[in-house]
2 protein chains.
Amino acid sequence: MPEATVARLPLYLRALTTLAERGVATVSSEELAASAGVNSAKLRKDLSYLGSYGTRGVGYEVDFLRHQITREIGLTQDWAVVIVGIGNLGHALANYGGFASRGFRIAALVDADPSRVGEEVTGLKVRHADELEQIVQDLGIAIGVVATPARAAQLVCDRLVAAGVTSILNFAPAIVQVPEGVDLRKVDLSTELQILAYHEQRKNGAALALTAEQAAELAEAVNG
Amino acid sequence: MPEATVARLPLYLRALTTLAERGVATVSSEELAASAGVNSAKLRKDLSYLGSYGTRGVGYEVDFLRHQITREIGLTQDWAVVIVGIGNLGHALANYGGFASRGFRIAALVDADPSRVGEEVTGLKVRHADELEQIVQDLGIAIGVVATPARAAQLVCDRLVAAGVTSILNFAPAIVQVPEGVDLRKVDLSTELQILAYHEQRKNGAALALTAEQAAELAEAVNG
DNA sequence: AGACGCTTGTGAACGTGTGCACAAAGTTGC
DNA sequence: GCAACTTTGTGCACACGTTCACAAGCGTCT
Ligand SMILES: NC(=O)c1ccc[n+]([C@@H]2O[C@H](COP(=O)([O-])OP(=O)(O)OC[C@H]3O[C@@H](n4cnc5c(N)ncnc54)[C@H](O)[C@@H]3O)[C@@H](O)[C@H]2O)c1
Ligand SMILES: NC(=O)c1ccc[n+]([C@@H]2O[C@H](COP(=O)([O-])OP(=O)(O)OC[C@H]3O[C@@H](n4cnc5c(N)ncnc54)[C@H](O)[C@@H]3O)[C@@H](O)[C@H]2O)c1
């Protein structure tokens with residue numbers, strides 16, 4: 001299954017959930033594609049990797065397709081997650097209710113700062129980083145979320161991996177190396193803003209260029 | 001300039017900043033690529049879109065290259081940003097110091113909940129959503145960050161666009177439509193976790209398959 | 001039953017992105 | 001000044017992803 005397809009399955013799943021809540025039983029690729037914000041041909045090709053679950057002339061059965069995608073992503077089970085670094089961002093993530101409803105259970109919160117240890121967040125006590133290995137093993141945690149400062153990120157990831165975590169989502173703006181077999185994804189908010197800034201700048205440049213062109217046209221019109 | 005290159009420039013910029021802080025004056029594509037976590041050929045090709053700023057046999061001058069990338073992304077100026085939705089995530093973003101150091105100034109905080117309006121976060125008073133248009137225009141804001149619940153996201157984006165915002169970073173798990181000329185990027189944390197879960201499941205599947213294979217081999221060895 | 005209309009699933013063309021490999025261009029040492 | 005060495009910039013081949021376009025399949029209506 002192509003990586004690009006995998007990245008879109010959660011999108012389809014969300015769209016299907018919304019449709020199911022609205023009581024829609026059947027949906028065409030065109031409609032579902034619109035709900036997910038993608039091209040319908042792409043949607044059909046993506047779904048074809050799961051198998052032939054559509055009915056020609058009709059479309060896809062919402063509940064059935066939802067189940068197939070859920071199974072494919074591996075959300076039939078709940079995944080235990082540990083969050084490391086309970087600062088601004090860690091708190092927000094811990095308080096976020098959207099994870100539980102999407103197959104993830106925040107199983108533990110960990111911080112290195114003794115003054116944060118013991119604090120209760122959403123019914124979970126923050127535990128000390130020294131206990132990380134024990135926690136991961138006891139709770140069978142496979143997924144770690146890193147929300148520490150950048151300088152601690154590599155160390156934290158090393159310790160997560162050593163403890164047995166094989167998937168990491170990193171929020172710290174740092175390049176982190178992990179051994180083969182461990183999946184690492186990063187979310188980089190500053191980068192996202194900088195990409196927007198790049199296009200924003202070019203928009204303004206284009207606007208100025210257009211004005212110049214309009215000026216030239218105007219000049220020609222006056223001269224002509 | 002290819003979009004993939006644009007998405008990597010912030011990465012290079014960060015690596016260069018780290019090198020500059022360490023007092024490094026010159027860097028080869030190989031070293032810089034390692035710092036940024038990419039292939040060196042890709043790095044050189046990316047940089048070649050900016051112009052020929054390297055010296056063969058030597059490498060790139062750190063400060064000079066940093067300036068060139070800064071200019072290309074459009075970070076010679078500071079961009080004013082408004083955050084809409086000051087809940088868990090909005091607070092974390094508002095409190096985050098990393099934006100200011102990367103060319104972004106959080107200029108305004110907006111929420112629809114009257115009980116949140118007036119609250120002070122990092123020296124900024126939260127203002128009411130009704131004032132959004134006025135705020136955007138008065139402060140010359142071009143970039144908006146949406147951290148509201150999903151059901152409000154489309155409405156908020158529409159209002160941001162109507163007020164003159166032309167770049168939006170959306171954290172809400174919702175498909176949002178914007179008119180041509182407006183850039184929309186989304187950060188979707190649940191999706192990231194789900195992608196990790198997919199690979200995690202396959203890792204376990206692969207492990208099981210391997211065990212089955214080993215079992216078959218074992219059986220054959222016993223029979224043979 | 002058969003014709004008609006609708007929708008899926010997919011082959012094929014196209015576009016974008018990646019990485020190798022090497023000539024060109026610079027530096028260093030003698 | 002020349003040879004040896006280092007590193008950039010890029011042509012080229014390949015891999016990956018997207019989109020079009022259409023035949024095949026299904027349901028419906030007469
Ligand atoms: N807050 C945001 O909105 C935001 C936005 C973008 C990126 N980030 C990044 O996310 C990370 C966290 O940001 P934040 O604002 O929450 O920072 P923060 O300083 O508020 O929190 C960091 C937490 O990590 C803990 N910590 C430090 N070293 C640790 C270690 N070795 N093991 C365990 N815990 C450790 C600290 O005690 C602290 O509680 C940073 O890397 C930041 O750059 C944050
Ligand atoms: N908290 C997280 O870690 C996290 C993680 C992933 C995604 N998200 C997404 O980010 C968004 C915000 O999450 P949160 O946890 O901060 O939610 P939250 O409920 O804590 O905050 C949402 C805020 O938006 C405000 N709001 C609602 N409608 C508004 C409107 N029309 N105009 C302006 N403000 C409005 C609310 O008053 C509230 O203060 C949600 O869509 C959530 O799904 C959050």
Side-chain angles (χ1 to χ4, degrees), chain A residues 1-12 15-16 19 24-69 72 175 183 185 191 195 198-199 202, chain B residues 1-12 15-16 19 24-69 72 175 183 185 191 195 198-199 202:
Chain A
M1 163 126 27
E3 190 57 32
T5 296
V6 173
R8 283 188 293 267
L9 289 182
L11 220 67
Y12 304 152
L16 286 167
L19 289 170
V24 178
T26 287
V27 68
S28 72
S29 66
E30 202 71 49
E31 293 165 323
L32 183 54
S35 308
V38 303
N39 181 297
S40 72
K42 184 152 55 178
L43 170 74
R44 288 199 299 276
K45 184 151 284 188
D46 284 342
L47 293 185
S48 76
Y49 290 109
L50 303 180
S52 287
Y53 294 139
T55 308
R56 296 173 191 228
V58 179
Y60 300 88
E61 209 187 317
V62 172
D63 279 334
F64 181 71
L65 187 55
R66 197 149 72 108
H67 181 255
Q68 293 305 322
I69 295 179
E72 187 72 21
I175 304 299
D183 277 293
R185 295 186 68 86
T191 294
I195 295 170
Y198 170 83
H199 293 295
R202 297 196 90 219
Chain B
M1 165 126 27
E3 190 58 32
T5 296
V6 173
R8 283 188 294 267
L9 289 182
L11 220 67
Y12 304 152
L16 286 166
L19 290 170
V24 178
T26 287
V27 68
S28 72
S29 65
E30 202 71 49
E31 293 166 322
L32 183 53
S35 308
V38 302
N39 181 297
S40 71
K42 184 152 52 178
L43 170 75
R44 288 198 298 278
K45 186 155 286 188
D46 284 342
L47 294 184
S48 77
Y49 290 109
L50 304 179
S52 287
Y53 294 140
T55 307
R56 296 175 191 224
V58 179
Y60 301 88
E61 208 187 318
V62 172
D63 279 334
F64 182 70
L65 187 55
R66 197 149 72 108
H67 180 254
Q68 292 304 324
I69 295 179
E72 187 72 22
I175 304 299
D183 277 293
R185 295 186 68 87
T191 294
I195 295 170
Y198 170 83
H199 293 295
R202 298 197 89 218

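Order of the sequence lines sets the chain letters (A, B, ...), proteins ahead of strands, with each chain counted from 1.
One atom, CG of A:Asp46, and another, C1' of D:dC16, lie 13 Å apart when rounded to the nearest Å. For the pair A:Glu61 CD and C:dT7 P, the interatomic distance rounds to 17 Å; values are reported in whole Å. A:Glu3 places its CD atom 18 Å from the P atom of D:dA15, with the value rounded to the nearest Å. Separating the CG atom of B:Leu32 from the P atom of D:dG9 is a distance of 12 Å, rounded to the nearest angstrom. When rounded to the nearest whole Å, the span between CG of A:Leu47 and P of D:dT18 equals 14 Å. Atom CZ in B:Arg44 sits about 13 Å away from atom P in C:dA21, given to the nearest Å. Rounding to whole angstrom units, CG of residue B:Leu65 and C1' of D:dT8 are separated by 13 Å. For the pair B:Glu30 CD and C:dC20 P, the computed distance is 10 Å after rounding to whole Å.
Place A:Tyr53 and A:Lys45 on DNA chain C by their nearest nucleotides, and A:Tyr53 ends up nearer the 5' end. With the nearest nucleotide of DNA chain D identified for both A:Thr5 and B:Ser29, B:Ser29 has the one nearer the 5' end.
The phosphate of C:dG9 (OP1 or OP2) has a side-chain N or O of A:Tyr60 nearer than 4.0 angstrom.
Rounded to the nearest 0.5 angstrom, A:Thr191 OG1 and B:Arg185 CZ are separated by 9.0 Å.
Side chain of B:Ser48, nearest nucleotide from D:dG9, D:dT7, C:dG17: D:dG9. When each of C:dC20, D:dT8, D:dT19 is scored by its nearest atom to the side-chain atoms of B:Ala41, the top-ranked nucleotide is C:dC20. The side chain of A:Thr55 approaches D:dC26 more closely than any other nucleotide in the set D:dC26, C:dG19, C:dG26. Each of C:dG19, D:dT8, C:dG17 was ranked by its minimum atom distance to the side chain of B:Ser28; first place goes to D:dT8. Picking from D:dT18, C:dG19, D:dG17 the nucleotide with the shortest atom distance to the side chain of B:Asn39 gives C:dG19.
Between B:Tyr53 and B:Phe64, the distance from one ring center to the other falls under 6.0 angstrom.
Under the 4.5 Å side-chain criterion, counting only non-hydrogen atoms from C-beta, B:Leu19 is not in contact with B:Arg66. By the 4.5 Å heavy-atom criterion applied to side chains, A:Glu61 and A:Thr55 are not counted as neighbours.
In this structure, A:Ser35 contributes its side chain and A:Glu31 its backbone to a donor-acceptor pair below 3.5 Å.
For B:Arg56 against D:dT8, a side-chain N or O and a base N or O form a donor-acceptor pair under 3.5 Å.
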